[in-house]
Structures are given as structure tokens and as C-alpha cells.
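Just so you know, these numbers use all the heavy atoms, side chains as well, and skip hydrogens, waters and symmetry mates. Every value quoted in this text rests on a predicted model; they were computed, and no experiment measured them. Numbering of ligands and ligand atoms starts at 1, following listing order.
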Amino acid sequence: LPCHDKMGVPICGACRRPIEGRVVNALGKQWHVEHFVCAKCEKPFLGHQHYERKGLAYCETHFNLLFGDVCHHCN
Ligand SMILES: [Zn+2]
Ligand SMILES: [Zn+2]
Ligand SMILES: [Zn+2]
């Protein structure tokens, strides 16, 4: 196998395989678009907005569920 590191090919932080095509830069790593997923529901963001917290990425729904400080009375 060729050494992709030395060739400067980005390595996916999830599957550790070289990324060809579109790269997502997040959390200080690089990811396949389809492998950069919510830490809770594991759905890929596919370029949609994500929210980072303590080195993990979340979709808006789960970020709000886990960390949101929205008032339950008046939202
Ligand atoms: Zn991957
Ligand atoms: Zn989620
Ligand atoms: Zn309130």
C-alpha cells in the first residue's frame, strides 16, 4: 500500500482511509463528507450546520437537547 500520509492525502478521522474528493475540516481533523456525523444520532451532516462541544460534533437537534439552555416555558 502507498503511504497516503506522505502524499499529503487527507485521512478520514472516522474510517482512517484516504479521502478523495470533498473533505470536511472539523474538530481539528478531516473527514469524508458521509463520515462526519452527529455524535448522538450518527447522521451525516452532509454539509449542513453542525455544533461542536468538547471535541464532538452534534446536529442542531441533539446539541439543543443536550446542551441547550432554552427555557422550557417560553422556549
Ligand atoms: Zn471516512
Ligand atoms: Zn443528532
Ligand atoms: Zn421562560
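Under 2.8 Å from the Zn ion (ligand 2), one finds the following protein N/O/S atoms: Cys38 SG, Cys41 SG, Cys59 SG, His62 ND1. If you look at the Zn ion (ligand 1), the protein N, O or S atoms less than 2.8 Å from it are Cys12 SG, Cys15 SG, His32 ND1, His35 ND1.
Remark: the backbone N or O of Asn25 is not paired with any side-chain donor or acceptor of Trp31 at under 3.5 angstrom. For the pair His32 (side chain) and Pro18 (backbone), a donor-acceptor distance under 3.5 Å is present.
Clustering ILVMFWY residues whenever any of their side-chain heavy atoms sit less than 4.5 angstrom apart, transitively, puts Leu27 in a cluster other than the one holding Val37. Leu56 and Leu46 are assigned to two separate hydrophobic clusters, defined by single-linkage of ILVMFWY side chains at heavy-atom distances under 4.5 Å.
Ring centers of Tyr51 and Phe67: at least 6.0 Å apart, outside the cut-off. Annotation: Phe36 is in aromatic contact with Phe45 [ring centroid separation under 6.0 Å].
Distance check, rounded to the nearest 0.5 Å: OH of Tyr58 to CD of Glu52 gives 11.0 Å. Between the SG atom of Cys12 and the NE2 atom of His35 there is a distance of 6.0 Å, given to the nearest 0.5 Å.
In terms of heavy-atom proximity, Ile11 sits nearest to Ile19 at C-CD1, 3.9 Å.
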